[in-house]
Colleague: 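One structure coming up, written as structure tokens, with questions to follow.
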Amino acid sequence: MVVFSLHMTARTLFLRLPAFLSCILLLLIAQGSVLHADTCADLKKALGQFIEFYSETHVGLAMNDTNEALPNLAASLEYARSLQPDGSWPDIDYDSQACSGWQPSHHVSRMALLAAEARHRPEHRAELVAAVHRAFGFWIKHDFKCPNWWYNNIGIPKRIGICGLLLGEELTPDEKSYLANTIFPRAKIGMTGQNKLWLAGNTLMSGLLQQDSTIIKTASETIWQEIEISAKEGIQADFSFHQHGAQQQFGNYGMAFAVEVTRWANILRNTEWALPPERLAVFRNYMLEGQAWVSWRGRMDISSCGRQFMPNSPRDKARTIAQAMSECVYFDPTGAEGYHGFVKRNQPGATNDLVGNKFFWRSDYMVHRFPDFCATLKMSSNRVIGSEIVNSENLSGYHIADGATYFYGEGDEYAEIFPVWDWQQIPGTTTSLGKLPSAGISRVKRDFIGGVSDGKYGIAVLDYGRDGIAARKSWFFTKDAVFCLGAGINSETNDAVVTTIEQCLLHGEVTGAKGGKVNKLGRNEKGPFQWIRQGRFQYTILSEAPVEIRAEPITGHWDRVFKNPATPKDEVTLPIFKLWIPNGVHPKNAAYAYAVSLVGTTPTGKLIANTPEHQVVQLDETTWGIVFWEKGSFRADNSKTLSVDKPCVVIWNLRTGEIHLSDPTQKLKEITISTGTTKKTILLPQKTRAGSTIKVSLDS
């Protein structure tokens, strides 16, 4: 609608004149265009809220929506005083050609920090602003570009845009020209998912700098339009988040989505460009029904971190989501209780008040939150990508979606473990001990993979088949334990096959029960143990299979995990506890069964069957969990028989007759079930709800 001259910004006028005179002058500047008084006020409000967001509390700079290093927020004066006469910093490699961890990006991040501090610390304003101009001039002179398009189109325009808006009336003509003619033209709206949001956010900053309400309207509407339930990339029907295809991305692009929406919803609140109520409701559900489930006591679940396993990644990602939750309160007071609840429960040692089971059927991902510990399971399928290697990140993560099962008590069970991890023995997986494969995209290419959940209990199933190994694996999440079953394990490889129960940091001594005796265990042990205890957890062996234990320091390197200029160079040594079941070389129809619970807890569930046809656990006195690998019948408790005409997964309450059922293949239209004289044909959820749980009653 209106493009104001950057030689005298609207904010300068607002600061110097009463509001009504400011609007009159803005109308004159518009050269005949009409700018409504309310729009004039909203422009002033949006600019003020932008400056507040980035300068008064620094929350805008602290909410890191990528895995790029943030500047030290306490070091602004050090940055200003270490800046060289030509405007460069001596510790930055400006010749870097890295595709991630690109060092020149630190330059513009420091510029944004200095500009924010200049508004926050008036006693140093002159010194800080002078440093920003000198650093800005150096960047303009060289206009550095990265081999990775993301920096050039998204990352750099974002940081320089923040700097420009914070400088406001103090921008020089050269800086204004660079922003208007070089930087923002690289950030035109396009692409999909979170990339589209980033680009729209950069365009929105351009609109604020120009005080152009038309640009602001177009950019904000683009951002808000992405807040919808999608069958492609973005928010899914189960409130997980996909990017780079059907790939769960809570802690990578999904975290950036949470930050970017929170940023703009906060800055544009109470203006004509505010987040619309119907979109806000979707975003609230994404945060409280999606993101809220995947962090435990200040750390994001490893299976939600995407491809980014850098130092402190789980902790930093959970902290970023907590910061976003805190900011959501300002534009969404309706969800305040949920947002505050997330922040409170993600403190070390905090009480967990989010209890229950949730299966993200769009992402082959289950989370079970007990009062005192959390268990998660990540799978992949023909529908869902398990992992990716991009920009030399996640170099060893071939198996991270092959049934990865993590157990969190205090939350630090796997803290900084990645450089010393044996990536062929991810907890919960059945793999060979041959050379670790590598693939740009990794997944289990089978269909019968999914889960069922009644909100209290959950069952997940994985028809595993990769690299010559096949296994029928299932997990039963009860009120106090996780039962992990495997049957029909066969291998065509010449390497030993193992099922890994645990691989975590060693906390205290390891004890085990063998032959009715409990003993403290050494560094390397093997045998038919009844149970093993380590840290807060007890691992109860429910089959005849022997186990092997290793409890010792392991040395490794971060370059096995990711490679860029930020990769730590030093060796890392950590005490590791590893527990596994050796399935053997060329196993034929092998099996395993174990349960994991807190030390001092006797699991109330009971293993009933573990065969290639049925895997069954009695979840409590009246509730049974059944995996029907094939159509057929199963008799429960010597009383009632449940029959199905197609493979499926069922939670069956014998007392109420209530059944929760799902189709892991997500291909079926109906299933017929019967018990006694009762028979029903159940129409299954379709499209984006295919694979979700359906509840039926056989007694009605």
Side-chain angles (χ1 to χ4, degrees), residues 61-75 91-93 96 98-106 109-110 113 148 150-151 155 249-256 259 294-323 346-348 376 387-398 400 404 406 408 410-423 426-427 503-507 553-577:
L61 293 173
M63 284 170 55
N64 193 10
D65 58 356
T66 71
N67 221 58
E68 297 299 310
L70 287 173
N72 183 345
L73 299 182
D91 61 326
I92 293 178
D93 176 13
S96 172
C99 288
S100 66
W102 188 54
Q103 287 214 353
S105 68
H106 301 338
S109 293
R110 292 175 185 180
L113 172 61
N148 180 352
W150 183 89
Y151 287 95
Q249 297 272 14
F250 271 125
N252 188 358
Y253 292 96
M255 180 187 72
V259 169
V294 304
S295 290
W296 179 265
R297 291 180 174 166
R299 284 181 169 87
M300 184 173 282
D301 175 31
I302 292 169
S303 285
S304 282
C305 288
R307 66 176 189 259
Q308 295 177 332
F309 301 115
M310 289 77 170
N312 298 314
S313 279
R315 188 179 62 188
D316 290 347
K317 291 177 185 297
R319 182 178 64 235
T320 293
I321 294 299
Q323 290 168 331
N346 276 284
Q347 304 301 318
T376 69
S387 67
E388 63 181 358
I389 298 175
V390 176
N391 296 331
S392 295
E393 298 171 358
N394 189 35
L395 295 174
S396 298
Y398 182 82
I400 62 173
Y406 304 115
Y408 302 95
E410 292 302 321
D412 61 352
E413 282 74 12
Y414 308 95
E416 303 302 282
I417 198 172
F418 305 130
V420 303
W421 229 1
D422 182 344
W423 291 80
I426 302 296
Q503 187 184 184
C504 64
L505 297 181
L506 177 63
H507 286 107
I554 302 294
T555 298
H557 302 264
W558 278 102
D559 62 8
R560 298 173 57 237
V561 185
F562 74 107
K563 290 182 180 179
N564 68 35
T567 304
K569 302 298 189 293
D570 295 336
E571 285 187 344
V572 176
T573 300
L574 292 171
I576 298 298
F577 168 74

Colleague: Would you say that His557 contacts Pro419 through its side chain, given a criterion of any heavy-atom pair below 4.5 Å between the two side chains?
Modeller: no
Colleague: Going from OG1 on Thr376 to CD1 on Ile302, what distance comes out if it is rounded to the nearest 0.5 angstrom?
Modeller: 7.5 Å
Colleague: For Tyr414 versus Cys504, what's the shortest heavy-atom pair and its separation?
Modeller: CE2-CB, 3.5 Å
Colleague: Where is the tightest heavy-atom contact between Ser387 and Asn394, given as atom of each residue plus distance?
Modeller: CB-ND2, 3.6 Å
Colleague: Verify, without hydrogens or angle tests, whether Lys317 (side chain) and Met300 (backbone) share a donor-acceptor contact under 3.5 angstrom.
Modeller: no
Colleague: Which heavy atom of Thr567 sits nearest to which heavy atom of Lys569, and what is that distance?
Modeller: O-NZ, 3.1 Å
Colleague: How close do Ser313 and Phe309 get, heavy atom to heavy atom, and via which atoms?
Modeller: OG-C, 4.0 Å
Colleague: So do the side chains of Leu505 and Ile576 get within less than 4.5 Å of each other, counting heavy atoms only?
Modeller: yes
Colleague: Can you tell me how far apart CG (Asn64) and CZ (Arg319) are? Round to the nearest 0.5 Å.
Modeller: 8.5 Å
Colleague: Take the angle between the ring planes of Trp558 and Phe418 and call it parallel below 30°, perpendicular above 60°, tilted in between.
Modeller: perpendicular
Colleague: Indicate yes or no: at least one non-hydrogen side-chain atom of Trp421 is less than 4.5 angstrom from one of Ile554.
Modeller: no
Colleague: How many angstroms lie between OG1 in Thr555 and CD in Glu571, if you round to the nearest 0.5 Å?
Modeller: 5.5 Å
Colleague: Given side-chain contact (heavy atoms from CB on, under 4.5 Å), test Glu410 with His507 step by step and report yes or no.
Modeller: CA-CA 11 Å; Glu410 292 302 321; His507 286 107; over 6 Å; no
Colleague: Is any side-chain heavy atom of Leu61 closer than 4.5 Å to one of Leu113?
Modeller: yes
Colleague: Using the test salt bridge (Lys or Arg N to Asp or Glu O under 4.0 Å), find all partners of Arg299 that sit at least two apart in sequence or belong to another chain.
Modeller: none
Colleague: Sort out for me which residue in Ser100, Ser392, Ser396, Pro311 forms a side-chain contact (heavy atoms from CB on, under 4.5 Å) with Phe562.
Modeller: Pro311
Colleague: Tell me whether Gln503 contacts the main-chain N or O of Asp422 through its side chain, where contact means a donor paired with an acceptor under 3.5 Å.
Modeller: yes
Colleague: Begin with the C-alpha distance, continue with both residues' side-chain angles, and end with the deciding distance and a verdict on side-chain contact (heavy atoms from CB on, under 4.5 Å) for Asn391 and Asn564.
Modeller: CA-CA 8 Å; Asn391 296 331; Asn564 68 35; over 6 Å; no
Colleague: Any heavy-atom pair between the side chains of Ile389 and Arg307 that's under 4.5 Å?
Modeller: no
Colleague: What closest approach, in Å, do Asp91 and Arg110 show between heavy atoms, and which atom pair accounts for it?
Modeller: OD2-NH2, 2.8 Å
Colleague: Should Thr320 and Asp65 be marked as a side-chain contact (heavy atoms from CB on, under 4.5 Å) after you check the CA-CA gap, both sets of side-chain angles, and the distance that decides it?
Modeller: CA-CA 8 Å; Thr320 293; Asp65 58 356; 5.9 Å; no
Colleague: Residues two or more places apart in sequence or in another chain: which of them pass salt bridge (Lys or Arg N to Asp or Glu O under 4.0 Å) with Asp301?
Modeller: none
Colleague: Looking only at non-hydrogen atoms, find the nearest pair between Tyr151 and Gly101 and report the distance.
Modeller: OH-N, 3.0 Å
Colleague: A side-chain contact here means heavy atoms from C-beta on lying under 4.5 Å apart; do Glu416 and Val572 qualify?
Modeller: no
Colleague: Taking the six-membered ring for Trp, are Tyr408 and Trp296 ring centroids under 6.0 Å apart?
Modeller: no
Colleague: According to ring-ring contact (aromatic ring centres under 6.0 Å, His included), who are the partners of Trp150, at least two apart in sequence or on a separate chain?
Modeller: Trp198
Colleague: Would you please test Ile321 and Met255 for side-chain contact (heavy atoms from CB on, under 4.5 Å) and show each step?
Modeller: CA-CA 7 Å; Ile321 294 299; Met255 180 187 72; 3.8 Å; yes
